[in-house]
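It should be emphasised that the depicted structure is a prediction, and the values quoted were computed from it without experimental measurement. As the structure lists them, so they are numbered: ligands from 1, and atoms in each ligand from 1.
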Amino acid sequence: MMTSNPLKTMMNNIPVPTSQLIEVIQVKGMTKTFQHESHQVTALQDVNFTIYQGEMVAIMGTSGSGKSTLLQMIGAIDAPTSGQILIRGEQANIYQEPQATLFRRDNIGFVFQSFELLEDLTVADNVAMPLILQDMPHKEIETRVNEVLTQVEMLQWRTHLPAELSGGQQQRVAIARALIARPPILLADEPTGALDFNTTNTILALLQTIQTKKQQTMIIVTHDAYVASYADRVLFFHDGRIVDHYDNERNEYDVGHILEKFKQIARGDV
Ligand SMILES: Nc1ncnc2c1ncn2[C@@H]1O[C@H](COP(=O)(O)OP(=O)(O)OP(=O)(O)O)[C@@H](O)[C@H]1O
């Protein structure tokens with residue numbers, strides 16, 4: 001699957017000058033080490049990249065290459081050992097609670113492989129939760145919930161419980177919850193990992209629609225070359241470093257190219 005780069009098509013297929021691109025995520029010289037009992041593990045080492053508004057970027061890498069650690073740093077759940085992450089120009093990872101929670105709420109929506117819906121709450125209440133925690137007026141919450149459930153085509157399920165939904169429907173609800181506070185960044189960790197091929201396609205199509213219609217910036221961590229082929233850019237990680245990248249602007253690629261590169265990296269040919 002070949003996708004068009006929003007940086008190319010943002011303005012009626014006229015390439016947007018680099019000076020007009022908005023830097024949403026800047027990762028500069030980021031290193032993260034963990035202290036194990038007897039030794040130190042370097043989970044990320046001198047990682048540098050910039051992601052622009054409206055881009056969908058896939059992060060691929062073998063197990064233990066640092067993908068989850070990267071999402072935790074960008075999601076301001078944990079702080080790098082050295083280096084910087086700027087979110088819309090503002091330094092992330094410098095806040096203690098409760099400011100850290102507010103920073104996450106204002107900037108990041110999370111989507112997980114296992115959906116992570118609250119099973120005792122209806123679809124509407126699950127989606128509303130981030131706004132309830134913000135003390136937003138009830139009427140406004142209802143309007144926003146209806147709007148975002150319409151966007152993910154789940155409005156008619158608003159009074160149902162998660163257990164009454166299929167996996168794909170649960171992930172749609174989780175995407176709605178991630179977007180309801182209108183965060184500039186959506187972080188998705190293996191969002192289709194629990195879904196079959198057809199449902200994977202519908203979820204990827206939904207993410208792509210959101211990306212294009214809303215200029216939503218998103219990062220998708222995945223092991224799946226097919227999922228990565230939807231992205232405008234693929235960053236390949238190995239042993240905590242970016243060892244290669246595919247970029248529609250630089251080299252056209254498809255699922256076969258991504259799979260081949262991933263296999264090379266897994267074999268250690270980097
Ligand atoms: N909280 C932690 N404490 C200690 N070591 C950690 C911690 N989190 C990650 N690591 C280590 O950092 C390295 C990178 O782990 P990470 O979970 O980021 O990899 P990953 O690419 O997400 O792997 P997977 O695809 O298996 O989820 C691993 O060696 C891991 O053991």
Side-chain angles (χ1 to χ4, degrees), residues 25-49 51 56-85 87 92-97 100-101 103-104 107-116 167 171 174 178 185-195 197 200 203-204 207 217-231 233-246 255 258-270:
I25 303 170
Q26 291 167 274
V27 175
K28 299 181 177 184
M30 180 177 58
T31 293
K32 177 69 178 178
T33 55
F34 291 108
Q35 189 61 47
H36 285 212
E37 269 176 23
S38 57
H39 64 290
Q40 234 182 23
V41 171
T42 303
L44 293 168
Q45 194 164 2
D46 193 25
V47 174
N48 294 280
F49 60 86
I51 296 180
M56 182 193 284
V57 175
I59 306 286
M60 279 197 94
T62 46
S63 188
S65 59
K67 304 180 299 294
S68 304
T69 306
L70 178 75
L71 279 201
Q72 290 195 336
M73 306 294 132
I74 294 174
I77 291 169
D78 198 356
T81 309
S82 60
Q84 267 192 342
I85 300 173
I87 305 288
N93 318 96
I94 53 170
Y95 299 107
Q96 305 291 320
E97 296 300 345
T101 300
F103 182 85
R104 278 194 295 275
N107 287 287
I108 314 284
F110 290 98
V111 174
F112 306 96
Q113 176 171 351
S114 48
F115 323 130
E116 308 288 341
Q171 195 59 303
I185 299 166
L186 184 70
L187 299 180
D189 196 354
E190 298 281 3
T192 59
L195 305 176
F197 183 70
T200 291
I203 292 295
L204 291 173
L207 289 174
T217 309
M218 46 183 99
I219 297 184
I220 300 180
V221 163
T222 183
H223 285 99
D224 184 340
Y226 182 73
V227 173
S229 72
Y230 271 72
R233 215 156 23 122
V234 186
L235 304 181
F236 294 93
F237 276 73
H238 188 60
D239 283 347
R241 293 175 185 273
I242 298 179
V243 290
D244 210 339
H245 73 281
Y246 281 170
V255 60
I258 297 172
L259 191 58
E260 195 43 50
K261 177 58 69 183
F262 188 57
K263 283 183 186 165
Q264 261 178 29
I265 290 169
R267 284 197 303 265
D269 300 345
V270 286

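Residue-level contacts of ligand 1 at the 4.0 Å heavy-atom threshold are Phe34, His36, Val41, Ala43, Thr62, Ser63, Gly64, Ser65, Gly66, Lys67, Ser68, Thr69, His223.
Applying the ring-ring contact (aromatic ring centres under 6.0 Å, His included) rule to Phe262 yields no partners; only residues at least two apart in sequence or on another chain are considered. By the salt bridge (charged side-chain N to carboxylate O under 4.0 Å, His left out) test, Asp46 pairs with no residue at all, sequence neighbours left out. Considering only residues two or more places apart in sequence or on other chains, Phe237 meets the ring-ring contact (aromatic ring centres under 6.0 Å, His included) condition with none of them.
A salt bridge links Glu97 with Arg104: at least one charged nitrogen is closer than 4.0 Å to a carboxylate oxygen. Using a cutoff of 4.0 Å between basic side-chain nitrogens and carboxylate oxygens, Asp239 and Arg241 are not scored as salt-bridged.
Under the 3.5 Å distance criterion, the side-chain polar atoms of Asp78 are left unmatched by any main-chain donor or acceptor of Met73.
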